[in-house]
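Numbered from 1 within each chain, the chains take letters A, B, ... in sequence-line order.
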Amino acid sequence: MPAAFSGKRPGRLLRRLLLRLLLLLYLSLSLSGGSPADPTMTTQDASQSQAYSLTKMQAGLNESSPEPVTTTRTVNWQTQGSPSDHLTLGRNVSTPGPDLTTQEFKQATKENMSNVTFVEYEVLLPGVSGTSVEKNITLDRAARIELSCRLDNKYSHLKSLQVTWKRGNETIRHMNKTENSWSIQLRILDNSNLGGYSCTLKGEEEISAMFHLQVPKIEGKEKPIVSYEGDTAVMICKSFGYTPIAWTWYMTNGSEQIAINDSLLADKYVINRLSANVTHLKILKLTKEDDGVYWCEAAFELGKSKGKLKLRVLSLMVPLKPFLAIVAEVVILVTIVFVYEMYSKKKEKSAEDEKEFDQVEQLPNCPSKSEESNGLENSSARHRKT
Amino acid sequence: PPPASVGRVPGPPDGGWGWVVVFGAFISIGFAYAFPKGVAIFFKEIQDFFGTSYSEIAWVSSIMLATTYGAGPISSILVNRYGSRPVVILGGLLCGIGMVSAAFCTSILQLYICVGFITGFGLALNLQPSVIIIGKYFLKRRPIANGLAMAGSPVMLCTLAPLNQFLFDNFGWRGSFLILGAILLNCCVAGALFRPIGAATAPVKTQAIEEGKDALKEEVTKDAMEMSSPMNITMETKTEEEGGKGCCEKVNQYLDFSLFKHRGFLIYLIGNVLMFLGFFAPIVFLAPYAKHIGIDEYSAAFLLSILAIVDMIARPTTGIIANSKWVRPRIQYFFSFSIAFNGACHLLCPLASGYTGLVVYSIFFGLAFGMVCAMLFETLMDLVGAARFTSAVGLVTIAECCTILLGPPIGGTLIDTFGDYKYMFIKCGAVMVLAGTFLFIMNYYNYRMLAKEEKERRAKEEDPKSVRTENEGRNNWNKETAQDGPELEPLREEREGLKKEVNGT
């Protein structure tokens with residue numbers, strides 16, 4: 001990896017960095033999704049090493065980097081020239097929000113101000129109303145952000161626009177950033193500041209855009225994890241891109257959620273934090289009572305978010321029944337095949353004996369030859385049968 | 001067989017029970033090729049369970065593949081001694097035992113042993129005998145039989161993939177391994193269908209030996225027997241007449257190392273070893289490449305399904321084409337063409353843009369892949385003859401084992417270094433085009449050498465001394481010189497006899 005970076009210009013270096021990062025994102029999504037219809041993964045050391053390189057890079061990029069991240073490059077790489085795509089770093093990693101096809105989403109400069117980051121988010125509005133524009137913004141720590149709505153230059157003919165920024169019913173004072181864009185600046189310090197912020201442009205028609213500020217989502221597993229009595233079950237929760245402050249596991253007892261204390265029940269539960277973004281819950285010596293729903297909760301500075309996992313505990317009898325059924329089927333089929341073979345061999349032999357008898361009877365005229373050729377003809381008769 | 005050639009051993013049945021054997025081989029080969037790929041579905045879960053990295057898990061598949069190919073010679077030796085049926089039944093049992101014990105594993109090392117070695121060895125004992133027995137049951141229609149049997153691989157893959165997913169969702173990985181062990185026992189059923197065919201001609205062999213002992217030299221008899229009973233010679237016959245030669249001869253009885261002096265075999269070996277460097281990597285990386293250029297997961301997986309479906313159709317079709325009277329005598333050229341075609345597909349793949357381009361690539365790749373696989377063993381049988389095929393296939397698979405395992409990691413390294421998939425495709429395409437060209441040229445040379453040798457042999461046959469020693473041989477030769485067809489290309493006895501029949505049909 002380092003060899004690839006040595007001796008190259010910073011622009012190329014950056015492009016390569018972004019290239020790898022995006023490759024990683026897709027790979028990490030695919031690896032986590034676990035495509036079931038992809039059976040031909042024999043040796044995927046390549047993708048694994050890429051996944052490793054990606055996690056390293058991701059960790060690196062999560063800290064505030066002094067390099068400005070320009071999105072135009074990202075867009076170009078992703079779509080191979082087609083400008084209408086919208087893939088960006090922050091959005092794809094943590095918030096699977098609605099696809100933006102009608103506008104660009106740009107993430108501009110990131111500066112360090114004391115220890116609070118300042119991020120600008122801008123949305124390009126379409127000129128036509130009726131299309132609702134929404135953007136999900138994920139924040140895991142306190143930040144100052146600026147949300148702006150910009151009207152594309154081709155719509156600048158629209159006059160007398162009244163712009164309102166709202167959060168729920170509350171109006172927020174905004175400022176005219178440029179001739180065609182309006183923005184608000186917010187300090188997000190705790191959970192109460194999160195939510196939906198909207199900008200509305202009232203002219204002849206009403207155009208609006210909505211920003212959803214939320215904590216990072218944690219994905220659990222949709223399909224249940226199947227395990228057996230007496231065995232161990234391992235449940236994993238991952239946070240993509242954002243490092244939680246703490247992880248907590250809950251089990252569901254009826255309708256209540258009870259926190260799992262692994263120091264109290266150390267021989268039953270083991271909670272490991274494998275890396276900053278990954279947590280493991282290992283349940284030992286499973287019993288039927290362990291069957292149910294489990295929650296992993298990640299605590300961020302601005303709030304908490306949960307992921308759901310299901311555990312199913314089966315007894316050993318469950319797979320044993322199909323196993324025995326199939327073994328019985330195999331034994332029966334093999335027996336049938338062998339019996340059929342013995343039967344057809346017997347039939348052949350009796351038919352052969354008859355034919356040999358006939359053949360022998362046909363050779364009374366050649367006594368001199370018969371001794372030599374008898375053997376030959378007998379064998380020919382025999383192998384003619386087969 | 002016509003009554004005139006009294007005592008001549010009949011050709012293989014080319015039908016009848018042979019088709020049942022093809023069905024058994026279909027199942028056996030299908031499991032052998034599809035199972036290592038199908039088991040990859042469980043890897044993510046097992047990786048989480050044991051807390052290992054992905055490459056440690058991928059070793060399971062690699063070990064299984066390596067054992068399946070590397071145990072080829074052992075398989076050949078066992079088939080040489082005991083025939084196909086017992087070996088396949090043993091293989092099925094081993095696979096079943098391997099997977100069932102894997103269900104109770106508590107460490108990744110145990111998984112390597114149970115799933116990797118034991119199951120892999122069982123699959124090896126399945127693969128070789130299935131291919132060998134087709135050569136024993138078919139001559140005229142052998143390419144069709146081969147094509148049909150090799151079609152087992154994509155069919156099994158298409159069946160195993162959703163089945164594995166279903167088992168995994170319902171039983172977890174341990175239960176799935178248990179049930180898969182039972183499913184693999186079905187290979188025993190396939191093995192039971194492999195009725196031995198050499199046994200019926202045992203009396204004829206003793207007959208020929210008697211004649212040979214009447215004759216002057218034992219070597220001449222050996223040649224006569226090879227010519228007259230091309231399908232049914234086993235190494236045991238050699239022990240009967242040669243008995244008590246040096247240890248080299250003894251080893252050759254089990255595994256015919258003299259094949260390394262066989263020109264056709266060497267050509268095949270070098271060409272195939274080269275080809276396998278670029279054979280499997282594109283399949284492994286097709287889905288990741290699709291995701292890389294922006295296609296979503298399910299469509300990327302669908303590409304592989306398209307590949308498998310086209311593959312399924314291509315294999316029997318190629319078998320039928322290869323059996324036609326225009327292609328059969330020149331089957332080596334057809335094989336080299338399909339390898340080069342495969343390589344050309346890979347070279348053109350980087351030009352494919354978007355999903356449609358990749359779909360077209362998948363279709364052509366599936367077609368080329370099927371063509372190559374269908375003829376993989378057919379061409380080897382064609383070159384060395386069914387008698388020595390048993391040993392040949394063992395030696396070839398162990399040689400291919402190395403390049404098969406190296407192919408995908410080299411491709412992966414290329415992708416890592418350049419960050420672009422196109423170099424991997426270019427490498428695979430170039431290697432395969434090179435292999436195809438090499439095979440084409442060398443087989444052209446081989447055909448010419450065989451024609452020359454045939455002419456020399458015929459000239460020698462005019463010599464009266466050798467005529468008296470082999471009754472049967474003489475019958476054969478008379479027939480051949482009488483029906484000298486206009487095409488002179490294939491020139492071993494077997495192929496001549498075959499050509500006569502093909503021309504006649």
Side-chain angles (χ1 to χ4, degrees), chain A residues 4 16 19-20 23 26-27 29-31 33-51 78-80 223 225-228 231-232 234 236 274 280 312 314 318-320 322-324 326-327 330 333-334 337-338 341 373 375-377 379-380 382-386, chain B residues 1 6-7 9-10 36-38 40-41 43-44 48-49 53-55 58 61-62 65 157 160-161 165 169-172 174-175 178-179 182-183 185-186 188-189 192-193 195 200-201 203-204 207 280 283-285 287-288 291-292 294 297-298 301 304-305 408-409 411-413 415-417 419:
Chain A
R16 216 167 263 274
L19 197 129
R20 284 182 192 271
L23 182 61
Y26 267 101
L27 278 169
L29 280 174
S30 67
L31 281 175
S35 153
D38 184 7
T40 61
M41 303 194 296
T42 47
T43 46
Q44 281 208 335
D45 293 309
S47 43
Q48 179 59 3
S49 61
Q50 278 165 335
Q78 176 53 33
T79 62
Q80 293 185 350
K223 291 194 187 154
I225 299 172
V226 179
S227 198
Y228 292 90
D231 196 11
T232 313
V234 175
I236 301 182
L274 283 191
H280 268 204
R312 266 176 68 191
L314 303 173
V318 175
L320 206 60
F323 173 76
L324 290 173
I326 300 177
V327 171
V330 167
L333 282 177
V334 171
V337 169
F338 277 122
E341 190 173 323
S373 51
L376 282 173
E377 271 169 298
S379 60
S380 75
R382 215 174 293 141
H383 63 66
R384 216 173 275 160
K385 276 301 156 191
T386 57
Chain B
V6 160
V9 177
K37 296 177 196 165
I41 290 180
F43 284 172
K44 180 92 188 17
D48 288 341
F49 185 83
S53 69
Y54 187 80
S55 39
S61 218
S62 304
L65 211 60
L157 189 60
L160 267 184
Q165 189 62 39
D169 288 340
N170 285 306
F171 299 104
R174 285 193 196 270
L178 192 67
I179 297 178
I183 293 178
L185 280 178
N186 278 304
C188 293
V189 178
L193 292 171
R195 248 185 234 177
T201 57
V204 179
Q207 193 67 34
F280 286 116
I283 303 181
V284 172
F285 291 113
K291 289 178 205 159
H292 175 88
E297 251 184 67
Y298 290 106
L304 286 168
S305 309
T413 325
I415 296 175
D416 270 349
T417 331

Quiz item: Of the non-hydrogen atoms in A/Val226 and B/Phe171, which two are nearest, and what is the gap between them?
Solution: CG1-C, 3.5 Å
Self-check item: Atom of B/Ala182, atom of A/Val327 and distance for their closest heavy-atom approach
Solution: CB-CG2, 4.1 Å
Quiz item: Atom CG of B/Asp169 and atom CD1 of A/Ile225: how far apart are they, to the nearest 0.5 Å?
Solution: 12.0 Å
Quiz item: Who passes salt bridge (charged side-chain N to carboxylate O under 4.0 Å, His left out) against B/Arg195, sequence neighbours left out?
Solution: A/Glu341
Self-check item: Proximity breakdown for A/Val330 and chain B, heavy-atom pairs closer than 4.5 Å
Solution: both
Quiz item: Do you know which two heavy atoms are closest between A/Pro319 and B/Gly175, and how far apart they sit?
Solution: CB-CA, 3.9 Å
Practice problem: Can you measure from CG (B/Asn186) to CG (A/Leu333) and round to the nearest 0.5 angstrom? | Solution: 7.0 Å
Practice problem: Write down the atom of A/Val234, the atom of B/Phe49, and the distance for their closest heavy-atom approach. | Solution: CG2-O, 3.8 Å
Exercise. Against chain A, label B/Leu160 side chain, backbone, both or neither, depending on which of its atoms sit under 4.5 Å from a heavy atom there.
Key: neither
Quiz item: Looking at CD1 of A/Ile326 and CD1 of B/Ile183, how far apart are the two atoms once the value is rounded to the nearest 0.5 Å?
Solution: 4.5 Å
Quiz item: ring pair (Phe, Tyr, Trp, His ring centres under 6.0 Å) with A/Tyr228: which residues, sequence neighbours excluded?
Solution: none
Quiz item: What is the minimum heavy-atom distance between A/Val334 and B/Ala192, and which atoms define it?
Solution: CG1-CB, 4.3 Å
Quiz item: Considering all heavy atoms of both residues, which atom of A/Arg312 and which atom of B/Asn170 are nearest to each other, and what is their separation?
Solution: NH2-O, 4.0 Å
Quiz prompt | Rounded distance (nearest 0.5 Å) linking atom CZ of B/Arg174 with atom CG of A/Leu314 | solution = 13.0 Å
